[in-house]
Undergrad: 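The structure under discussion is supplied below as structure tokens; questions concerning it will follow.
Numbers restart at 1 for each chain; the letters A, B, ... are given by sequence-line order, proteins then strands. Since the structure is predicted, the reported quantities are computational estimates derived from the model, not experimental observations.
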Amino acid sequence: MITETALPEVRERKRVRLDEGVVRNLGLVGVLAILMIIGAVTRPELYGDATWVKNNIFTILQQASAIGVVTVGMTFVLIGGGVDLSVGAIIALAGVWSTTLATQSYGPLGMVFTALVVGVVVGLINGVLISYGKLVPFIATLAMLVAARGLAAQISGKQTQISADATINGIATTKILGIPLLVLILAAVVVAGWVLLNRTTFGRRTVAVGGNPEAARLAGINVKRHTVLLYALSGLCCGIGAIMLTSQATSAQAAMANLYELDAIAAAIIGGTLLSGGRGTIVGALFGVLVFSTITNLFAINNLSTEAQNMVKGGIIVAAVLIQQFRYRSITQLFKR
Amino acid sequence: MSELASETEVVLRLTDVVKTFPGVRALDGVQLEVRAGEVHCLLGQNGAGKSTLIKVLAGVHQADAGEITWCGEPFAPASPQAAMRSGIATIYQELDLVDDLSVAENAFLGHEPSRFGITRRRAAANRTASILARLGHPEIPARRLVRQLPAAGKQIVSMARALSHDAKLIVMDEPSAVLAHDEVENLFRIIRELTANGIAVIYISHRLAELREIGDRITVLKDGRTTAANLPARTTPTRELVSRMTGRTIEYVFPPRAEKPAAEPILVVDGLSREGEFTDASLTVAPGEIVGIAGLVGSGRSELLETIFGARKADTGTVTLDGRRITGVGAAVASGMGMAPEERKSQALLLDEPVYKNMTLASFSGFARAGFTDLRNERAAATRTADTLELRPRDVDRPIRTLSGGNQQKVVVGRWLLGDVRLLLLDEPTRGVDVGARAELYQVIHDLAAGGVGVLLVSSEVPEVLGLADRVLVMREGRVVHQAPAGELDEDTVLDLVMAGSLLEGNPA
């Protein structure tokens, strides 16, 4: 009896030695594997074809690319104790602004530059309103969500703006060494985000500011300035995302990237980021995005409705957070003993 | 009054009650006996266990051991609601009212009169009005928002809430702290009326004079233990009360201190004021000098410390470190100031992060190269500091939330040792720290001073201030009321200065 009850606890203790984040990411890899298996079981004839499988994986990754970039920025904001509801709207504004006839006349670099600057400036406005205007992040970015989409509609005259630029449109179709450029951009942003969070003073400040803003302040960290930078970073990611989406659609419009804020927040959260700040991982956020785009893909290859798909997504968000709470509690309990 | 008769009146009895929190034995054998219709005073220094005791009675905490009987029956309330239902109401120091609800809604919060789930607002208002009248405050409108009431009015509402439960015992935690003099008189009138109706009151106050006026019997707590029970409130000599409060069960061990030659001060605080917090505070700290501030919670001491550190903006006055004006936390840290704040968990720690990242929170930029952090060097430096501070466990990769209070505090102090600290501000450095770790922290503070660091220390434990500091400032109600070398003061004198109106009552401070 005694050995029976003692054994699982010893095993649990060993697991704690593993990084908590690693355990969670392994879980998400497991979820991805399960989704793949479901795909293979429901459509065996497709999964029998190796070329199709490879192309399908690239399709999933390409669908995940723009939202993935945005989620990296969102993860920083969330770890820093805030939230950015305006990411979808910033993408729309950056996309529309960079595809006006006037901007397009400056060529592809002018369009990229415009998208990035629009993203950063809108992010800065968010940050200043929150840090110095003392608005709650939810309110400030909600207002920005409404206003930025409004401005995007104004600029575009509610029309879809076609991108006539071959270089921009080519981003979505270019492959380097057989890998789509969009996927490489996502990979680059994820790597840069990981380094920024885990290996730089910026990342350390982000964790400190989100984990305990008062402690950060009393340790001499400029919390307000850092908060502004976090929203600017999120805006920058939106600018990149806007170019990627524009390239995929060869157009931009005020309604693009609809509800991206919710997808990005959901992905970050099932990846283990706390809404209350101070904790989260870039790799987890990436897996969160991949889980969602894999589900979308799974439903598409089975010709199922998006309604059912959204219900499954909702269930997955709740399940992921419940599991995390349970695991986090049990880990802290273990340490207390 | 015969022994037998008084025994039958006992409504509440605590025997050997123990309550432990991780790392702290907050209650370590409390005895308490409260009779119906009496005002029973609890006396003790900060950290003696009064607040924990109240929370056990109120059902917020559950006792680990010991026996509580209430009206002759074993009593172990599982929740605040359960305690209230059994007739024990608590009025906390920080009033727990909902500002945006009305007086009546607050009075009946959690047990609103209702029919089929619909609240009966008029019934609640009427009953509240009659309770308010009974409390001598019929002028408070039952439908006014609590936000719009002055502090004294809010306290009346808290009391109305207690009465709305038909409480047989009302616990009052420093009710007079927020009241002006004439409002205290009214409070006493209400208490007398309650006790005349057989309701028992547990009254907590730091002001001895009040206990003399309103109290019947006094129980003294010290380090979580009852050191004296049921002393007559009016006739027990002040000397005895003070010695029961301070008579230590644990000896403070202070390392010997070398005489310091006078030096040019490193910190100069001149005429610092903040509305409602402290007034016209001036002080200096020299390199290698330890200056202690004695004062109660609410005396403005923590606010003063935070203002010196630049974390609060001064209304008037200046802070200079080595001739440099300090205007914000950034400037303070950059010029070599460090602070260990009062609330460790909420003001100093990243609880989920490992020890070493907490240790380097103020210095990681210094370790970094071109914005890239140097985790290996950070860990190495943190490990060295952990060795110096004798951190237990020595493992700097553990999440800091798993450390005891004393070791967490060592990390907070160690944070500033990693930088080039020249002046250290310590706010209650040994709160929630066990005896062994205390002695080690004292040694750390002495070593720092010996190394030329100036230390400004705030503590509500008078012997700690006297034992550690070279010079002592006494603060009361936002003012520095006394200043002297530590050797010229003793505990009783400081305690008297700290608590308004006791031994030296009538003397100009």
Undergrad: Quick one: of B:Leu351, B:Leu361, B:Val333, B:Asn358, who has the most non-hydrogen atom pairs under 4.5 Å with chain A?
TA: B:Leu361

Undergrad: Determine the option with the most heavy-atom pairs under 4.5 angstrom with chain A, choosing from B:Lys357, B:Met337, B:Arg344, B:Arg415.
TA: B:Lys357

Undergrad: Quick one: list whatever passes side-chain hydrogen bond (donor to acceptor under 3.5 Å, both in side chains) with B:Asp427, sequence neighbours left out.
TA: B:Ser302

Undergrad: Please determine whether the number of non-hydrogen atoms from other residues, nucleotides or ligands lying under 6.0 Å from atom NZ of B:Lys19 exceeds 12.
TA: yes

Undergrad: Quick one: what part of B:Lys345 sits under 4.5 Å from any heavy atom of chain A, side chain, backbone, both or neither?
TA: backbone

Undergrad: Does any backbone or side-chain atom of A:Ile221 lie under 4.5 Å from a heavy atom of chain B? Answer side chain, backbone, both or neither.
TA: side chain

Undergrad: Checking an interface table here. Which of residues 191-206 of chain A come within a heavy-atom distance under 4.5 Å of chain B?
TA: A:Val195, A:Asn198, A:Arg199, A:Thr200, A:Thr201, A:Arg204, A:Arg205

Undergrad: Taking everything shown except B:Arg312 itself, do over 12 heavy atoms lie less than 6.0 Å from its CZ?
TA: yes

Undergrad: What are the residues of residues 371-380 of chain B, in order of number, with any heavy atom under 4.5 angstrom from a heavy atom of chain A?
TA: B:Gly371, B:Phe372, B:Thr373, B:Leu375, B:Glu378

Undergrad: More than 12 heavy atoms of other residues, nucleotides or ligands under 6.0 Å from OH of A:Tyr132: is that the case?
TA: yes

Undergrad: Any side-chain to backbone donor/acceptor pair from A:Arg217 onto B:Val329? Under 3.5 Å, distance only.
TA: no

Undergrad: If the condition is side-chain hydrogen bond (donor to acceptor under 3.5 Å, both in side chains), which residues does B:Asp28 pass it with, not counting sequence neighbours?
TA: B:Arg25, B:Arg225

Undergrad: Work out which heavy atom in B:Gln347 is nearest to a heavy atom in A:Leu218; give both atom names and the distance.
TA: O-CD1, 3.7 Å

Undergrad: Hey, is the main chain of B:Ser346 close enough, under 3.5 Å, to the side chain of A:Asn212 for a donor-acceptor pair?
TA: yes

Undergrad: Is B:Ala311 close to chain A through its backbone or its side chain, or both, or neither, when contacts mean heavy atoms under 4.5 Å?
TA: both

Undergrad: Report which part of B:Glu353 has an atom under 4.5 Å of a heavy atom belonging to chain A: side chain, backbone, both, or neither.
TA: side chain

